[in-house]
Amino acid sequence: RPLRYDSVKFMATNVKSKSNKSKSKSKSKGSKKQGPTGAEAVETVVAVRSRFQVAVKTHKIPRNYATAFLGLLDQAEEDQTVLQKVVLVDVSCGAAYATALMETLRDYEWLRCLRLWRCGVGCNEGIATMAPLLRSPSLTTLDLIDCGLTASGCEVLARVFKTNPSLQTVCLDHNLVGDAGASALSHGIRGRSIPLDLSLQYCRIGSEGAILLAQVTTGLQGLNLKGNDLGKEGIDALATALRSNTTMCTLGLADTGLATDPMSLDVLCEAIEGNTTLEELDVSLNPISSEGGRMLLEVAIMCAHLRLLHVTEQIDTDVFRAICELNASRTVKKAKKRGKKKK
């Protein structure tokens, strides 16, 4: 479990205008992307506070949770900015808090990022209640990590994927998604006009779920399946899909049983050679042999588009060092190109 918190934290980031021109105007109007500032922002925050206070009383939300969120609104009001990023950790009110959030932020047009970690809102009732909020056209990032999400909740999210093209990044790590949940999500991903970056680490997905996700990789720009026992069939299906894919930039296959069957590594290497868009591949925490490590190194050298290759430290020392040096050189080159473009 990568997340460790000792107490409840409910944080938000308020984005201020970057423009140095006409500061007085920016305070009163702001920009469409960054939201209003000044008096208009204060008015917006006051309205959100009022809705939240009503929801707290209606759904009997514990005072410490309510105080945390109200404190954030107080800070936003002081800064004269609107709330755009919300992170809620270790709140166990389940469906009650999900309902309070939905009622508070349902018509709020400035929410860009919603991250809920170990909050229990992934239960069937909770996720269904939050669906209208998740369809908000302003929402681009959604995290529901270790929130009790099941296959039924994934069916709700699949409908959200279909109806909210603005959603770009979704993290569902440490939930009981399983093959049934992966099947539901694949239906939501299929046909998306804007590819999704999806993380499903440690979600108990097997070969069946991996095969179904492989069929919709054209609707993904990133897929992280770390910690799922995908089996040979699942890994081969993903590799085969990768060969002709033109949207995927990142693929996470760490701790998935890769290299248990040497043929799967061969299929993956051939797929990387045929692909032209993959920039990052993570195959760490897999029992890759020294020979397998050399195969990956040779492919990485041939494929200039592969900027980062993550492997286990237990492979041959010289191969591991060579891969690290290759990663470093390509990262530096990309950073220099970005610097030139800015100039």
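When reading the values below, keep in mind they use all heavy atoms of this one structure, side chains included, and skip hydrogens, waters and symmetry mates.
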Salt-bridge criterion met for [X] and [Y] (N-O under 4.0 Å):
| X | Y | answer |
| --- | --- | --- |
| Arg49 | Asp74 | yes |
| Asp255 | Lys226 | no |
| Arg243 | Glu270 | yes |

Close side-chain approach of [X] and [Y], heavy atoms under 4.5 Å:
| X | Y | result |
| --- | --- | --- |
| Cys171 | Leu144 | no |
| Ile145 | Leu116 | no |
| Thr150 | Asn175 | no |

* Take Cys119 and Asp90 through the side-chain contact (heavy atoms from CB on, under 4.5 Å) test and state the conclusion after the steps. => CA-CA 5 Å; Cys119 294; Asp90 283 333; over 6 Å; no
Can you tell me how far apart [atom1] ([X]) and [atom2] ([Y]) are? Round to the nearest 0.5 Å.
| X | Y | atom1 | atom2 | value |
| --- | --- | --- | --- | --- |
| Leu230 | Asn228 | CG | CG | 5.5 Å |
| Thr129 | Leu101 | OG1 | CG | 11.0 Å |
| Leu114 | Gln84 | CG | CD | 13.5 Å |
| Glu280 | Asn224 | CD | CG | 9.0 Å |
| Met295 | Cys269 | CE | SG | 4.0 Å |
| Gln314 | Asn286 | CD | CG | 10.5 Å |

* For Asp282 and Leu253, indicate whether the former's side chain and the latter's backbone hold a donor-acceptor pair under 3.5 Å. =>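 Not at all, since once roles are kept as given, no pair shorter than 3.5 Å links the two residues.
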* Asked: If you group Ile, Leu, Val, Met, Phe, Trp and Tyr by side-chain heavy-atom gaps below 4.5 Å, do Leu242 and Val299 land in one group?
  ->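 In one cluster with Leu242: Val299, yes.
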Just wondering, are more than 12 heavy atoms of other shown residues or ligands nearer than 6.0 Å to [atom1] in [X]?
| X | atom1 | value |
| --- | --- | --- |
| Met302 | CE | yes |
| Arg204 | CZ | no |
| Glu43 | CD | no |

* **Test item: side-chain donor near acceptor, Thr169 and Asp197, under 3.5 Å** =>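 Judged by distance alone, the side chains do not pair up.
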* Please determine, by modelled atom types, if Asp79 and Thr81 share a side-chain donor-acceptor pair under 3.5 angstrom. =>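 Not at all, the side chains of Asp79 and Thr81 share no donor-acceptor pair under 3.5 Å.
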* Tracing side-chain links under 4.5 Å among I, L, V, M, F, W and Y, which residues wind up in one group with Val46? ->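 Noted: Val46 shares its cluster with Val42.
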* Asked: Taking the inter-plane angle between the rings of Tyr202 and His174 on a 0 to 90° scale, is it parallel (under 30°), tilted (30 to 60°) or perpendicular (over 60°)?
  ->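 Because their plane-to-plane angle is under 30°, the rings of Tyr202 and His174 count as parallel.
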Solution key, residues 205-217 side-chain donor-acceptor pairs under 3.5 Å, sequence neighbours excluded:
residue : atom : partner : partner atom : Å
Thr217  : OG1  : Ala214  : O            : 3.4
Thr217  : OG1  : Asn245  : ND2          : 3.3

* Residue that, paired with Leu281, satisfies side chain to side chain contact (heavy atoms under 4.5 Å, CB included) out of Val311, Thr250, Leu251 ->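 Passing option: Leu251.
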Under 3.5 Å, sequence neighbours excluded: what are the donor-acceptor pairs made by side chains of residues 157-165?
residue : atom : partner : partner atom : Å
Lys162  : NZ   : His187  : O            : 3.0
Thr163  : OG1  : Arg135  : NE           : 3.4
Thr163  : OG1  : Arg159  : O            : 2.9
Thr163  : OG1  : Val160  : O            : 3.4
Asn164  : OD1  : Ser166  : N            : 3.1
Asn164  : ND2  : Leu134  : O            : 2.9
Asn164  : ND2  : Ser136  : O            : 3.1

